[in-house]
Amino acid sequence: MFGITPSARLRPSPYFEATLSEGVTAFTTYNHMLMPTSFGHPEAEYWRIINGVSQWDVACERQVQLKGPDAGRLAQILAPRDLSGCSIGQGKYAPLCNHAGVLINDPIVLKLADDLYWFSIADSNIWFWARAIAEERGLTVEVSEPDVSPMAVQGPKAEDVVASVFGDWVRGLKYFWFRETAIDGIPVVVARSGWSKQGGFEIYLKDGARGTQLWNIVKEAGKSRDIGPGNPNWVERVESGLISYGGDTDRETNPFEVRMGKYVDLHVADDVIGIKALRRIHAAGPRRHSLGIVLEGKDPITFGFAWKDICKDGAKVGDLTTCTWSYRMKKNIGFALISTRCKAGDAIEVVMQGKVIPGTLTELPFL
Ligand code: THG
């Protein structure tokens with residue numbers, strides 16, 4: 001269709017060459033990087049995550065490193081989730097909000113040492129934010145980007161593949177917990193995590209010069225289990241109810257609207273950014289909530305770029321933030337960010353591709 005012009009503003013992934021060799025056919029941009037979105041066989045790539053094992057270049061989930069005596073304080077000031085119980089070697093999923101309680105990112109926070117944290121971020125600039133907050137609060141902490149690049153290995157057979165590379169100890173890792181190790185002299189962090197509900201691991205490469213080598217070690221180990229290239233899968237993630245920051249959120253979304261209320265601890269100290277607003281929003285009750293939508297019709301729909309209006313009795317009640325054909329449900333399904341007056345079971349209409357399409361609201365996740 002069209003090409004991409006290289007530039008210093010577009011940071012290459014250490015796995016870029018490897019994904020070219022795998023036959024990548026499409027990319028999206030994420031955190032000023034390219035993330036593969038297709039290897040040309042969307043349905044096969046989907047079933048590989050459901051039944052097998054899939055290897056993803058997610059280096060664009062870049063790390064914001066907090067280092068120094070106030071690293072833990074800064075982490076807690078940035079995140080309205082109580083991190084006091086977080087152990088070294090543990091990760092936690094945390095919303096980040098601005099002072100108005102609006103969601104500005106949803107990283108996995110990894111605690112590597114008492115004075116060392118990584119925020120593995122979604123698609124928005126948190127270096128500017130973290131550094132500015134650290135300065136304004138007079139904290140002794142360095143905010144930087146380390147040479148760290150995640151690769152995900154996802155699917156029911158991922159554990160066997162990762163265990164065959166790193167050892168059986170990986171089977172004992174709890175969700176979001178991790179360990180620092182090395183393979184053939186390549187320094188990595190191995191974590192049980194990943195943006196799918198099919199299970200798996202993320203290998204955080206700590207030497208960007210060795211991306212192809214690490215990719216090929218995992219690929220080789222996965223050969224007997226039919227490993228193949230893939231990417232954070234849009235179909236699987238909608239079926240599983242995983243939200244995408246920036247895709248399913250707008251400039252007003254708070255965590256309670258997108259099923260992230262359980263990651264907000266209202267008791268954290270008053271100096272945590274956004275907590276006062278979040279307490280007010282929680283007390284008043286959010287205006288919108290997140291539900292599933294099942295559309296009528298037997299043919300796959302193309303969603304395109306923009307959100308679509310959801311109407312009920314002729315009036316707009318919310319937005320369809322994403323929509324995809326579910327291979328398992330054999331229906332078009334999507335996410336509604338919609339008035340709390342609307343409930344699962346309600347009939348709604350969406351205008352897409354110039355047609356009015358009827359549908360029904362459902363609870364999430366779908367599967
Ligand atoms: N891996 C890494 N960094 C990331 C992502 C990732 N940064 C950006 C983005 N993805 C962060 N978003 C999410 C969203 C959901 C989950 C992980 C990262 C997730 N959620 C589980 C769920 O919703 O059921 C479990 C959450 C919990 O209960 O604690 O896994 O993928 N490195």
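If you read the sequence from its start, that first residue is 1, and numbering goes on from there. Start at 1 and go down the list; that is how both ligands and their atoms are numbered. Values in this document were obtained by computation on a predicted structure and should not be read as measured data.
- Closest protein heavy atom to atom 7 (N) of ligand 1: Ser120 O, 2.9 Å.
- Between Phe335 and Phe366, the ring planes are parallel. Angles under 30° get that label, and only those over 60° would be called perpendicular.
- Using a 4.0 Å cut-off to heavy atoms of Tyr175, the atoms of ligand 1 that qualify are 25 (C), 30 (O).
- Taking the six-membered ring where tryptophan is involved, the planes of Trp215 and Tyr15 are tilted, since the angle between them lies from 30° to 60°.
- A heavy-atom separation below 4.0 Å is not found between Lys92 and ligand 1.
- Listed by number with element, the atoms of ligand 1 under 4.0 angstrom from any heavy atom of Ala122 are 7 (N), 8 (C).
- Distances below 4.0 Å separate heavy atoms of Lys197 from the following atoms of ligand 1: 21 (C), 22 (C), 24 (O).
- Of the N and O atoms on the side chains of Ser84 and Asp82, at least one donor lies less than 3.5 Å from an acceptor on the other residue.
- Heavy-atom contacts of Ile121 reach the following atoms of ligand 1: 7 (N), 8 (C) (cutoff under 4.0 Å).
- Scanning all protein heavy atoms for the shortest distance to atom 26 (C) of ligand 1 gives Tyr263 OH, 3.2 Å.
- Nearest to atom 19 (C) of ligand 1 by heavy atom, out of Phe176, Tyr204, Trp195, is Phe176.
- Annotation: atom 6 (C) of ligand 1 to nearest protein heavy atom, Glu61 OE2, 3.3 Å.
- Under 4.0 Å from ligand 1, the heavy atoms of Ile108 that appear belong solely to its side chain.
- To the nearest 0.5 angstrom, Thr28 atom OG1 is 10.0 Å from Asn231 atom CG.
- A salt bridge does not link Asp147 with Arg210: none of the charged nitrogens is closer than 4.0 Å to a carboxylate oxygen.
- With hydrogens left out, the protein atom closest to atom 20 (N) of ligand 1 is Leu242 CD2, 3.9 Å, a heavy atom.
- Annotation: atom 13 (C) of ligand 1 to nearest protein heavy atom, Tyr93 CE1, 3.4 Å.
- By the 4.0 Å N-to-carboxylate-O rule, Asp226 lies too far from Arg48 to be salt-bridged with it.
- Asp106 O, 3.0 Å is the protein heavy atom nearest to atom 11 (C) of ligand 1.
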Margin query: Is there a side chain to side chain contact (heavy atoms under 4.5 Å, CB included) between Thr362 and Ile293? Walk through the geometry before answering.
Written below: CA-CA 6 Å; Thr362 66; Ile293 278 189; over 6 Å; no
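- Arg131 forms no cation-pi arrangement with Trp129, by the criterion of a distance under 6.0 Å to the ring centre and an angle within 45° of the ring axis.
- Short contacts between ligand 1 and Glu202, defined as distances under 4.0 Å to a heavy atom of the residue, involve ligand atoms 1 (N), 2 (C), 6 (C), 31 (O), 32 (N).
- Annotation: Lys331, atom NZ; neighbour count of heavy atoms from other residues, nucleotides and ligands within 6.0 Å does not exceed 12.
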